[in-house]
Amino acid sequence: KPLIDVKYSWVDSASLRISYALNAVQLDDISTYVDLQCLEIGKRISKYYSTLLNFSDSLVDVWVKEHPGAVSIPNWLGEGGQNSDCWSEYQYSEIFRSGGELTMYCRMPQFFSKYDCWYAEAYPQQQWELLQDTLTICGHLCQKAVCSFRGRSFEAWFAPGIPIGEGPWTFGGLPGLILKVYDTDRLYTFECVRIEQGCFPIK
């Protein structure tokens with residue numbers, strides 16, 4: 001039996017891919033991020049996942065093929081950001097959104113995969129209050145919004161010029177793409193660092 005046996009299927013194509021730094025100390029230095037995460041927006045499905053973990057998985061797959069007799073495999077290869085040797089739900093979860101439903105897959109690394117799990121729920125609805133403050137992020141003029149959600153107070157900056165009601169992690173529901181969101185205690189900060197247009201497979 002192979003050390004890694006992962007099968008993917010292509011479920012949609014994304015025309016927009018947004019990269020978010022999670023808890024970056026410096027936005028221009030990926031090694032100071034806790035993670036680099038990605039939102040892919042397709043016609044039917046959107047996916048949110050860890051770019052760093054996805055890249056590491058690809059490198060590990062190559063390593064396994066190059067070392068067929070190995071009895072163990074590396075935990076992580078490539079850029080890891082802060083604390084890449086620690087499991088984190090923010091890094092090891094993939095979120096799919098479709099038809100008003102959110103499905104979250106939580107996977108454990110390597111041989112702990114028997115503890116993988118998933119759940120689905122109605123897409124969480126934050127009750128946002130729109131404010132007049134503005135901020136430019138990645139060249140897009142953003143407007144501020146605030147809400148209280150699941151025990152924390154959040155501030156978000158959304159781009160009305162990108163009329164897509166989604167954002168990082170489980171945030172959404174604003175009249176524009178959320179490019180930055182954080183709780184007021186600044187325990188978690190998601191900030192857009194790149195927006196790409198193209199055709200990207202959602203797997």
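In this text the structure is predicted, and so the values were computed from the model without any measurement.
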Using the rule given for side-chain contact (heavy atoms from CB on, under 4.5 Å), can you reason through Asp183 versus Phe149, listing the C-alpha separation, both sets of side-chain angles and the distance that settles it, and then say yes or no?
CA-CA 10 Å; Asp183 64 287; Phe149 180 62; over 6 Å; no
ILVMFWY network linking [X] to [Y], side-chain heavy atoms under 4.5 angstrom:
X      : Y      : value
Leu16  : Ile45  : no
Trp157 : Leu187 : yes
Leu39  : Phe200 : no
Trp118 : Tyr115 : no
Phe154 : Val34  : yes

When rounded to the nearest 0.5 angstrom, what is the spacing between [atom1] in [X] and [atom2] in [Y]?
X      : Y      : atom1 : atom2 : value
Tyr188 : Asn23  : OH    : CG    : 8.0 Å
Tyr20  : Glu191 : OH    : CD    : 10.5 Å
Ser153 : Asp185 : OG    : CG    : 8.0 Å
Ser98  : Ile202 : OG    : CD1   : 9.5 Å

Let me see the working for Val193 and Leu36 under side-chain contact (heavy atoms from CB on, under 4.5 Å), right down to the final yes or no.
CA-CA 9 Å; Val193 292; Leu36 176 65; 3.9 Å; yes
Do [X] and [Y] touch side chain to side chain, with heavy atoms closer than 4.5 Å?
X      : Y      : value
Phe190 : Gln37  : yes
Lys180 : Thr189 : yes
Val181 : Phe158 : no
Ser50  : Tyr92  : no
Trp169 : Met104 : yes
Ile162 : Ile195 : yes
Ile18  : Ile41  : yes
Pro124 : Arg150 : yes

Smallest separation among heavy atoms of [X] and [Y], with atom names:
X      : Y      : result
Cys142 : Pro160 : CA-CD, 4.4 Å
Ile137 : Leu179 : O-CD1, 3.7 Å
Lys43  : Asp12  : N-OD2, 3.2 Å
Arg97  : Pro168 : NH2-C, 4.3 Å
Ala24  : Ala21  : CB-CB, 3.8 Å
Glu196 : Ser19  : OE1-OG, 4.4 Å

Worked verdict on Ile178 versus Trp128 for side-chain contact (heavy atoms from CB on, under 4.5 Å):
CA-CA 12 Å; Ile178 298 173; Trp128 296 102; 4.2 Å; yes
So does [Y] get a backbone contact from the side chain of [X], meaning a donor-acceptor N/O pair under 3.5 Å?
X      : Y      : result
Tyr33  : Leu27  : yes
Glu129 : Gln127 : no
Gln26  : Ser31  : no

Aromatic ring proximity, centroids under 6.0 angstrom, Tyr105 and Phe96:
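Under 6.0 Å, so yes.
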Taking Glu40 first and then Lys47, would you say they form a salt bridge - that is, a charged N and a carboxylate O separated by under 4.0 Å?
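Judged by the 4.0 Å cut-off on N to carboxylate O distance, Glu40 and Lys47 do not form a salt bridge.
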Answer yes or no: does atom CD of Gln197 have more than 12 heavy-atom neighbours from other residues, nucleotides or ligands under 6.0 Å?
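Atom CD in Gln197 is not packed in, count stays at 12 or less.
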side-chain contact (heavy atoms from CB on, under 4.5 Å), that's the test. Do Lys144 and Leu135 meet it? Break it down for me.
CA-CA 8 Å; Lys144 188 176 184 179; Leu135 179 68; over 6 Å; no
